[in-house]
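Okay, so here's the structure we're looking at.
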Amino acid sequence: MDSTGTRKRSAEKIEVAEPQNKLPCSAPSLSTEPALYSGSFPFYRRPSELGCFSLDDKRQYYGDARALRYYSPPPTNGPSPNFDLRDGYTDRYQPRDEEIQERLDHLLRWLLEHRGQLEGGPGWLAGAIVTWRGHLTKLLTTPYERQEGWQLAASRFQGTLYLSEVETAAARAQRLARPPLLRELMYMGYKFEQYMCADKPGGSPDPSGEVNTNVAFCSVLRSRLGNHPLLFSGEVDCTDPQASSTQPPTCYVELKTSKEMHSPGQWRSFYRHKLLKWWAQSFLLGVPNVVAGFRNPEGFVCSFKTFPTMEMFEHVRNDRDGWNPSVCMNFCAAFLTFAQSTVIQDDPRLVHLFSWEPGHPVTVSVHQDGPYTFLPTWYVEAMAQDLSSPPKTPSPKD
């Protein structure tokens, strides 16, 4: 049985289990054609960090920076690093259980702890959008994505719009059928971080330990895209203690790996596809640099290259098959407007499911009290108890 057949049957099996409490929806669709979003770059407020939280090796939440690591690269004038990215894969690797759907839970816990400390008070959240950076990244890259679709569940509660990704049937089938080579390549990315990060400023990396992908440090940020206030969180690889500015997020560094490039054609493909996703991730969070380790077929890092986030577009500016940051941001802003105008009813149990597949527009279905509901009872009850007065609508300057 080939992988395509497996994916198809898995998808069909999941689709049979679709909830029966789907409500009629007359909402319009949203086109994703790049040409429709090629205007000038929209306003995007420089992200400011509101706080952070950590997840330990058991995926337990802590409202502090204990999981933050410190950038500690090898000397630039030394020999080739020769990092073995396969080391530890078979005996010192603890991957996160991907069957556990965490949704927005960790971010919501941080929000509960700090709702009284937000600039402008808790009322600032009314009209804002709360989500993960990764969800926004998928929106930014949608006009140029040709392979993977997505689903975003949206609910409005106390005036705030919450967005949480839903794993599509195709994505789940693909994850379950993930080949061993791809699993190993995923591990290599985490192993590279272990070679490049220390546990304390001025320390040295220790690649002899276990790679545990449950551990994470997450920054919580505030921004605004067009007239949409945003509160979102994203995982951060490390902070650079030698950075010219120690103010987050400009001191953060994103670490990536890629295969070695040997021809202009390989570099063009890299710039068109991989660099787009690196830019979207880092630009949203305000991370100034991505440091990439390029590996050979044997899994050893042979070279490094730093990609300043604000210069990534220069690699495709004159490429007619490249990507345009304005298109990415304009589409994201258009989707947020679409979602805000579609999800009108204030009800944490009501979910509008936005679905998209390459080559098609974004569509919407509506579900009440079904499996797509993602705002947990503990959050809804705590926020409802805390509400002492009607929230204010944020002013444009926010």
Side-chain angles (χ1 to χ4, degrees), residues 46-85 87-88 92-96 106 110 133-134 186-221 232-258 278 281-295 300-301 303-310:
R46 183 187 299 272
S48 58
E49 184 173 84
L50 299 175
C52 64
F53 60 87
S54 298
L55 305 175
D56 69 7
D57 58 358
K58 300 291 191 298
R59 208 65 181 172
Q60 295 300 305
Y61 171 97
Y62 295 90
D64 55 36
R66 68 183 63 191
L68 178 61
R69 294 176 296 178
Y70 297 85
Y71 184 56
S72 182
T76 56
N77 57 354
S80 172
N82 215 35
F83 295 157
D84 182 0
L85 299 184
D87 177 53
R92 303 193 311 278
Y93 180 33
Q94 183 59 53
R96 183 173 72 84
H106 297 307
W110 181 93
R133 181 267 308 268
M186 292 173 63
Y187 169 81
M188 289 182 181
Y190 292 108
K191 186 66 181 181
F192 179 63
E193 295 174 18
Q194 193 180 57
Y195 277 110
M196 299 288 285
C197 299
D199 291 334
K200 59 184 179 180
S204 298
D206 180 13
S208 66
E210 179 184 68
V211 170
N212 189 317
T213 62
N214 289 289
V215 180
F217 169 79
C218 296
S219 173
V220 181
L221 302 107
F232 61 96
S233 179
E235 187 172 344
V236 172
D237 291 335
C238 57
T239 184
D240 184 358
Q242 304 298 321
S244 56
S245 170
T246 58
Q247 182 70 28
T250 56
C251 57
Y252 293 149
V253 179
E254 183 75 22
L255 300 173
K256 298 290 188 182
T257 59
S258 183
W278 292 5
Q281 283 184 322
S282 299
F283 180 78
L284 282 168
L285 208 63
V287 176
N289 292 301
V290 174
V291 177
F294 289 90
R295 64 179 187 275
F300 287 86
V301 172
S303 62
F304 295 108
K305 184 174 176 62
T306 297
F307 294 91
T309 302
M310 301 305 291

Heavy-atom side-chain contact between V236 and L285 under 4.5 Å = yes
Scan side-chain atoms only and decide if E49 and S219 contain a donor-acceptor pair under the 3.5 Å cut-off.
-> yes
Shortest non-hydrogen pair, N289 vs P308, comes out as OD1-CA, 3.3 Å
For D64, the salt bridge (Lys or Arg N to Asp or Glu O under 4.0 Å) test, sequence neighbours excluded, returns R66
Margin query: If you count heavy atoms of other groups shown closer than 6.0 angstrom to OH of Y195, is the number above 12?
Written below: yes
List the steps and the verdict of side chain to side chain contact (heavy atoms under 4.5 Å, CB included) for L85 and F300.
CA-CA 6 Å; L85 299 184; F300 287 86; over 6 Å; no
What verdict does the ring pair (Phe, Tyr, Trp, His ring centres under 6.0 Å) test give for Y62 and F53, after you've listed the backbone C-alpha separation in whole Å, the side-chain angles of each residue and the deciding distance to 0.1 Å?
CA-CA 6 Å; Y62 295 90; F53 60 87; over 10 Å; no
For V291 and Y71, the nearest pair of non-hydrogen atoms, with its separation, is CG2-OH, 3.5 Å
Close side-chain approach of P207 and F83, heavy atoms under 4.5 Å:
no
Task: Verdict with reasoning, L255 to F192, per side chain to side chain contact (heavy atoms under 4.5 Å, CB included) - done: CA-CA 8 Å; L255 300 173; F192 179 63; 4.1 Å; yes
In short, ring-ring contact (aromatic ring centres under 6.0 Å, His included) pairs touching residues 232-257 with sequence neighbours left out are none
Side-chain touch F294/F304, heavy atoms, less than 4.5 angstrom: no
- Query: Does atom CG of N214 have more than 12 heavy-atom neighbours from other groups under 6.0 Å away?
  - Reply: yes
Check against side-chain hydrogen bond (donor to acceptor under 3.5 Å, both in side chains), K256 and Q281
CA-CA 11 Å; K256 298 290 188 182; Q281 283 184 322; 2.6 Å; yes
In short, C238 meets C197 closest at the heavy-atom pair CB-SG, 3.7 Å
Problem - Stepwise salt bridge (Lys or Arg N to Asp or Glu O under 4.0 Å) test for K191 and D87 - result: CA-CA 8 Å; K191 186 66 181 181; D87 177 53; 3.5 Å; yes
